[in-house]
Colleague: 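The structure's right below; bear with me while I get my questions together.
The figures that follow rest on heavy atoms only: side chains count, while hydrogens, waters and symmetry mates do not. A note on names: the letters A, B, ... follow the listed sequences, proteins ahead of strands, and every chain is numbered from 1.
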Protein chains: 2
Amino acid sequence: MSQSVCGTSRIVGFRFSLYPMSDQFVDVIKGALGETNTSKVWLKTDDISTCIRGKAVHVFDVAKAVYLHAAKTGLHVVLNGSFSIGCPGDSDGDSYMSVDDECMNEAALSHIKIEAPTQFALYPMNDSRYMDLIAEAIEIAKEKETISGGIHYASRLDGDAHEVFSTLEQSFTATQEKVSHVTMTVNIAANSPSRKKV
Amino acid sequence: MSQSVCGTSRIVGFRFSLYPMSDQFVDVIKGALGETNTSKVWLKTDDISTCIRGKAVHVFDVAKAVYLHAAKTGLHVVLNGSFSIGCPGDSDGDSYMSVDDECMNEAALSHIKIEAPTQFALYPMNDSRYMDLIAEAIEIAKEKETISGGIHYASRLDGDAHEVFSTLEQSFTATQEKVSHVTMTVNIAANSPSRKKV
C-alpha cells in the first residue's frame with residue numbers, strides 16, 4: 001500500500017460488529033475494543049455496531065487489531081462489517097485525516113498468527129465497469145495467494161490474518177483509486193469448529 | 001408486496017450468518033435452520049455463512065424464520081447478511097423459481113413478537129440515480145414507521161420483527177424494479193443487553 005494512497009484526504013469508514021459465540025461476549029467485545037489503540041480514528045459504538053472513520057491505513061490497522069484481540073481468546077469470533085469510501089455525507093472525523101501514517105497496533109500484533117477464513121464482496125458504486133473492477137481486485141488476492149474461491153455473492157479468502165487483512169486493504173484501496181464511491185463487505189471468522197468438517 | 005413482483009423469474013439470494021452470542025451457538029444455529037421450512041429455496045451452508053436462493057417471497061420468509069427461531073431462545077443473537085438480485089452469475093437454484101408463492105413459515109411464526117433493531121444499507125449497482133433510489137427506499141421505511149434514523153453508511157430500523165422484515169422486503173423489492181442489480185446488507189439484532197443503555 002503506497003503512502004500516497006493512504007495520505008489522501010479521502011476519509012474511509014468501517015462499520016462493523018464483533019460477534020463472540022460465547023456467554024462471555026460482553027467481556028470479549030469490550031476487551032478487544034479496549035486493547036486496541038484507536039487514537040487515530042474517529043469511533044462511535046451503538047447497540048448494534050461500531051463505526052470507525054479516518055485514514056485508510058488506520059481504519060484497517062484498527063479493524064485487524066479488534067479482530068486479533070478477540071480471536072486470540074481462542075473463542076469462535078467473527079468480525080463482520082462494511083468498509084466505505086466516497087459516500088456523500090457529513091464530516092464526522094475529518095480531523096483524523098491530518099494524523100501521520102504510523103500504525104498504532106501493528107507492532108504489538110504482528111507476532112499473532114491466526115487463520116482468518118473470510119468472505120468478502122466489493123461494490124464499486126455508480127460505475128458501469130464495476131464487474132471488471134471486482135475482477136481486478138480478485139487478481140490482487142490471487143497474487144497474494146489468499147484467494148480460495150468464488151461463491152454466490154462473495155469471494156473467499158483463506159490464510160493468516162495478516163495476509164487476509166492485507167489483501168482486503170489492497171483490494172479496497174486499489175478499487176477506490178478507480179471509482180469514487182466503494183463499499184466492501186467482510187465476514188472474517190476465527191476458531192470456528194466447523195472448519196474441521198470443511 | 002405484490003404477487004406480480006414475487007412471481008417474476010428474477011432469482012433473489014441471501015448470504016447470511018446467524019451469530020448466537022452463547023456457548024450453545026452450534027445448537028442454536030442448527031436448531032434455527034432445522035426448525036425453518038426451507039423446502040422452497042435452494043440452500044447451501046459452509047463454515048462461514050449460509051446462502052439461500054429462490055423467489056423473493058420465499059427468501060424473505062426463510063430469512064425471517066431463521067431469525068425468529070433463533071431469537072425466541074431469548075439469547076442475544078444477530079442475523080447478518082446480504083440480499084442480492086441481478087448479479088451476473090450461474091444458475092444454481094433456478095428450479096426453485098417455479099414454486100408457488102405460499103409462504104411455508106409465516107403461519108407458524110406470525111404470533112412471535114420480538115423487537116428487531118436493525119441497520120441496513122442498500123446498494124443499487126451501476127446506476128447514477130443510486131442515491132435517489134436509496135432515499136426512495138427510506139421513504140418506504142418512513143411510511144411503515146420503522147425508520148429510526150440515519151447513521152454513517154447505514155439506516156436504522158426499530159420495531160417488531162415482522163414490521164422490520166416487511167420494510168426490508170419492500171425496500172429491496174421496490175428498488176430492484178428500478179435497477180437490475182441490487183444488494184442490501186442487513187444487521188438484525190435480538191435480545192441485546194446493550195439495548196437497556198441506549
Colleague: Does anything in residues 31-44 of chain A get under 4.5 Å of chain B by heavy atoms, and if so which residues?
Modeller: Trp42(A)

Colleague: Give, for atom CD1 of Ile29(B) and atom OG of Ser194(A), the distance between the pair rounded to the nearest 0.5 Å.
Modeller: 7.0 Å

Colleague: So, do Phe14(B) and His152(A) sit near enough that their side-chain heavy atoms are less than 4.5 Å apart?
Modeller: no

Colleague: Working to the nearest 0.5 Å, report the span between OH of Tyr153(A) and OG1 of Thr183(B).
Modeller: 11.0 Å

Colleague: State, yes or no, whether a side-chain contact exists between Pro20(B) and Phe25(A) at a heavy-atom distance under 4.5 Å.
Modeller: no

Colleague: Only heavy atoms, only distances under 4.5 angstrom. Which residues in residues 69-83 of chain A are near chain B?
Modeller: His76(A), Val78(A), Asn80(A), Ser82(A)

Colleague: Tell me, for Thr185(A) versus chain B, whether the close heavy atoms (under 4.5 Å) come from the side chain, the backbone, both or neither.
Modeller: side chain

Colleague: Write out, in numerical order, the residues from residues 124-136 of chain B with a heavy atom short of 4.5 Å from a heavy atom in chain A.
Modeller: Pro124(B), Met125(B), Asn126(B), Asp127(B), Ser128(B), Tyr130(B), Met131(B)

Colleague: Can you tell me if Glu145(B) has over 12 outside heavy atoms packed within less than 6.0 Å of its CD?
Modeller: no

Colleague: Please rank Ser17(A), Ala189(A), Ser49(A) by heavy-atom pairs under 4.5 Å with chain B and give me the top one.
Modeller: Ser49(A)

Colleague: What part of Thr118(A) gets closer than 4.5 Å to chain B, counting heavy atoms only: side chain, backbone, both or neither?
Modeller: backbone

Colleague: Considering only heavy atoms and a distance below 4.5 Å, find which of Ile48(A), Asn187(A), Ile151(A) pairs most often with chain B.
Modeller: Ile48(A)

Colleague: Could you tell me whether the side chain of Arg15(B) and the main chain of Ala154(A) form a donor-acceptor pair under 3.5 Å?
Modeller: no

Colleague: Tell me, with the steps shown, if Gln24(B) and Asp23(A) meet side chain to side chain donor-acceptor pair (under 3.5 Å).
Modeller: CA-CA 8 Å; Gln24(B) 306 304 313; Asp23(A) 292 350; 5.7 Å; no

Colleague: If you check every heavy atom in residues 103-117 of chain B against those of chain A, which residues fall under 4.5 Å?
Modeller: Pro117(B)

